[in-house]
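Structure first, commentary second.
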Amino acid sequence: MDNETKQKINERYERELNRGERFWPDSIFKDLVVSLAIFVILLLLATFIGVAPEAKADPADTSYLPRPEWYFLFLFKFLALYGQIPVIGKIEWLATVLVPGLGVGLLTLLPLLDKSPYRHYSRRIFALTFMGTVVLDIVLLTIMASLPIPPDANELAASTVLQAIGGLWIPAAILTILVGFYLFRREIYHVSTRRSLPIWITVIGSVAMIAMTAVVSVRAASYPVAEEAEVATTLVDQILAGQDLYSVNCVECHGDDGSVAVIEGVEGLEGEEITPINSTDVLYTITDSAMYEVIAYGRPNAGMPPSGKAYGGELSKSEIDHIISFMRYMWDDRFEIPAEALQPLFPPLADGEVPSYDVHIAPIVKRYCISCHRPGKDNNDYLMTTYEEILTTGENKEHNVIARDPNGYLIQVIQGTPIMDPENPNEELVGVMPPKGHLKPDAIDAFVRWIWAGMPETAEQAAALFGTITIEPVTTPTP
Amino acid sequence: MSEINRREFIKGAAAVVGGLITAVIGLPTIAYLIDPALRESAKEAWIPVGKLADMPVGKPTPFSFTRVQVNGWERTSTSHGGYVIRKSEDPNDLLILNSICTHLACTVNWSEADKVYLCPCHDAKFGQQGEVLGGPPPRALDRFEEFRVSDDGVLEIFYKEA
Amino acid sequence: MWTNVFNWLDERLGLNEMYTNLLDRPEPKGNWWNTLGSASLFLFVLQGATGIFLTVYYTPSPDHAYDSVQYIMEGVAFGWLIRGIHHWGASLMVLIVFIHMLRVFVTASYKYPRELTWLIGIGLLLTTIGMGFTGYLLPWNQRAFWATTVGTQIAGTVPYIGEFILKVLRGGPDLSALTLQRFFSAHIWMLPAALAGLIGVHLYLIMRHGESHFPTKED
């Protein structure tokens with residue numbers, strides 16, 4: 001830029017300054033208004049949306065789907081699409097280093113590359129159309145990266161092609177044409193009407209890009225979205241989550257209150273002596289981190305399988321932490337358990353009230369039965385994880401749960417009467433349940449009422465039967 | 001509105017906005033910073049100490065227990081201890097001393113030979129009632145004033161976190 | 001009485017001179033688009049303040065990072081607010097800085113005599129993104145851990161020196177306590193120091209050349 005042009009620019013600016021305003025208070029006032037608006041937006045976001053809780057980092061859990069922060073998503077998607085290109089798609093660094101590097105380089109050197117003195121948009125068609133295309137591409141790639149993942153290979157292939165067209169090829173074509181127009185502008189712009197050509201190309205191309213993104217989005221709307229597991233954040237939530245996990249995974253050997261000293265009812269470990277895990281011997285001497293290792297790695301020599309993902313189990317770091325929280329606060333007398341964590345298993349039954357599976361039976365079964373009566377365990381194939389399973393599974397399925405019949409197997413074994421094998425009168429077909437410890441009278445009462453009422457599933461069905469059944473007296477099992 | 005009035009208004013408005021942002025961020029922040037000092041941490045419990053029948057009359061019987069302190073996300077256990085002195089066969093006639101030296105909190109030990117409590121840190125000496133016999137401590141050994149005996153003969157002391 | 005206090009301070013601090021030089025300056029007719037720059041500065045100050053308060057309770061070690069963040073969210077009075085503002089402020093700052101850059105591009109304010117201001121601005125943009133990247137790891141949850149694993153992996157694809165860069169970023173071959181520690185150090189003072197320095201020069205240049213006027217046909 002020559003000195004004469006610089007002089008003109010400076011003089012122009014002087015004129016603008018003279019007919020302008022003052023920094024203080026005019027500019028600063030505008031700045032403060034915008035700052036206040038931003039501040040209020042942040043307060044609203046922090047209060048009403050907050051930060052989504054996530055599980056603790058677990059280096060062993062490689063099944064987690066990593067996603068970067070939103071402002072990197074466009075790069076993320078660009079890399080994914082670039083990888084689809086045959087041959088050069090394999091050369092990763094072209095996409096990870098060259099293209100972004102080129103972008104940042106051009107951006108940095110912009111004032112040195114664009115030395116023309118013109119600032120009005122009418123004289124900057126190339127710059128504005130080029131930048132507009134790039135920014136639109138970034139926005140659309142970000143949108144595409146936020147969509148749910150296609151469920152099968154065919155859909156994935158189709159979606160990827162559409163995304164590549166909209167996010168990679170069309171923008172690349174537009175940019176190439178724009179650069180071509182710019183380089184050969186002296187030849188092309190003889191006729192003044194052709195000056196609008198780059199604008200048209202950009203507009204049409206942008207519409208195509210947006211349309212392609214819309215198509216991809218509409219297709220993605222029908223994909224199944226992976227369920228996000230709830231993460232327990234407060235201490236009470238963690239204890240309750242830990243209690244549920246303990247009920248399913250640990251009760252089988254350790255009992256619902258951790259007091260089992262001799263294992264019963266577990267295949268391969270019958271009669272094994274263990275230290276009760278609710279004892280002070282264990283709780284006072286084993287720290288939380290040691291307990292974590294025991295649960296994660298297991299005790300293979302003693303027969304305890306690993307539960308941590310790092311060793312082939314199914315529990316995440318957070319889940320094992322929750323189990324430990326439950327054990328500490330429930331059984332370690334040095335800790336005071338928060339009152340909200342001591343909730344009754346099910347709402348107490350009024351006179352004449354009929355319990356339902358959903359509200360009353362399911363929590364009892366989850367706490368005391370599912371540990372054994374789930375797939376893969378020694379349980380005569382009698383599963384209890386759902387309503388249907390309780391009524392219809394098992395080797396003795398015709399005998400387990402029969403409405404209004406006191407000879408049903410389930411109602412007998414929970415009240416302390418084992419079922420003997422008719423062919424071998426000294427052999428137990430079904431032992432007393434639970435094998436270790438007995439259900440409390442109110443839980444037995446709930447089962448009795450439930451079976452007498454015909455096993456209603458939902459709360460509404462149970463409410464309709466209110467007061468319609470006569471209960472036979474509940475027998476407390478002899479210890 | 002003349003130029004000057006407008007300017008004054010904008011100056012005032014700017015000051016108000018600035019002050020508002022500072023207050024809305026500042027006040028919760030003060031609560032945030034001093035939060036641990038505002039907490040009520042007094043916790044109380046009845047601690048079982050041992051069967052009364054196992055404690056001979058006249059001779060100090062040592063006992064100890066652990067408590068867990070929660071500070072933020074850290075759980076640490078601290079141990080405490082003391083001596084039970086039965087003055088007679090009467091289960092209510094007890095003196096229960098805290099074994100933390102009142103000088104700088106070392107643990108004192110009962111010396112059966114000298115019939116005193118000795119502190120190994122700075123040679124403090126306490127008598128049978130916990131009174132200071134010699135050395136730097138400013139006051140007698142603390143006592144666990146409240147105690148009870150359960151139905152199966154276990155002595156329990158009332159512990160309150162300071 | 002207040003006039004006396006003011007005069008005493010003015011004689012020593014030069015408050016009136018500060019006012020004349022810094023505040024009482026002419027600017028072109030204001031455009032609300034021009035507020036994006038100061039909005040970025042406001043967000044930087046807000047992030048700095050909330051960030052400093054977060055370090056009162058946060059521990060940058062894999063053993064305690066997650067639990068300390070949980071304590072801030074559940075245990076400390078208004079901890080959820082401080083963290084919430086910091087979390088959303090980070091995203092908002094990247095967005096506002098980016099839009100500010102676009103505005104400067106569209107109004108061609110990067111041209112003579114403001115080329116250096118633009119250059120510094122790109123440095124600010126990259127450093128802001130660096131702040132976002134390093135800060136993202138600190139809660140040490142699944143999202144943070146695996147996103148950083150992939151991010152540093154991508155950095156490792158640079159030809160020849162990629163593995164070296166990866167090891168420098170991670171403090172070793174894997175994501176570990178060393179990674180968390182150096183990301184924390186970069187996030188709380190190395191990058192903020194760079195930001196503060198660049199902002200200083202950026203502001204000086206803006207005051208020297210004045211805010212650019214909105215271009216008209218004449219430009």
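In what follows, every chain begins at residue 1, and chains take the letters A, B, ... in the order their sequences are listed.
B:Tyr32 is listed as a side-chain neighbour of C:Tyr57, based on a closest heavy-atom distance under 4.5 Å. In this structure the side chain of C:His64 reaches within 4.5 angstrom of the side chain of B:Trp73, judged on heavy atoms.
Contact of C:Leu54 with chain B is made through backbone and side chain together, with heavy-atom distances under 4.5 Å. Contact of C:Phe78 with chain B is made through backbone and side chain together, with heavy-atom distances under 4.5 Å.
Proximity of a side-chain donor or acceptor of B:Asp35 to a complementary backbone N or O of C:Val76 within less than 3.5 Å is not detected.
Surrounding NZ of B:Lys59 are at most 12 heavy atoms belonging to other residues, nucleotides or ligands under 6.0 Å away. With a 6.0 Å radius and a threshold of 12 heavy atoms from other residues, nucleotides or ligands, B:Arg148 has its CZ atom above the threshold. Under a cut-off of 6.0 angstrom, the local environment of CG in B:Asp152 is crowded, with over 12 non-hydrogen atoms contributed by other residues, nucleotides or ligands. C:Trp189 CH2: 12 or fewer foreign heavy atoms inside a 6.0 Å radius.
Within residues 18-31 of chain B, the residues approaching chain C closer than 4.5 Å by heavy atoms are, in numerical order, B:Ile21, B:Ile25, B:Pro28, B:Thr29, B:Ala31. Contacts from residues 3-22 of chain C to chain B, taken as heavy-atom pairs separated by less than 4.5 Å, involve C:Tyr19 in sequence order. Heavy-atom neighbours of chain B within the stretch residues 31-40 of chain C, taken at a separation under 4.5 angstrom, are nonexistent. Close approach to chain C, defined as a heavy atom under 4.5 Å from one of its heavy atoms, is seen in no residue of residues 107-126 of chain B.
By number of non-hydrogen pairs under 4.5 angstrom with chain B, the leading residue of C:Ile82, C:Val56, C:Thr50 is C:Ile82.
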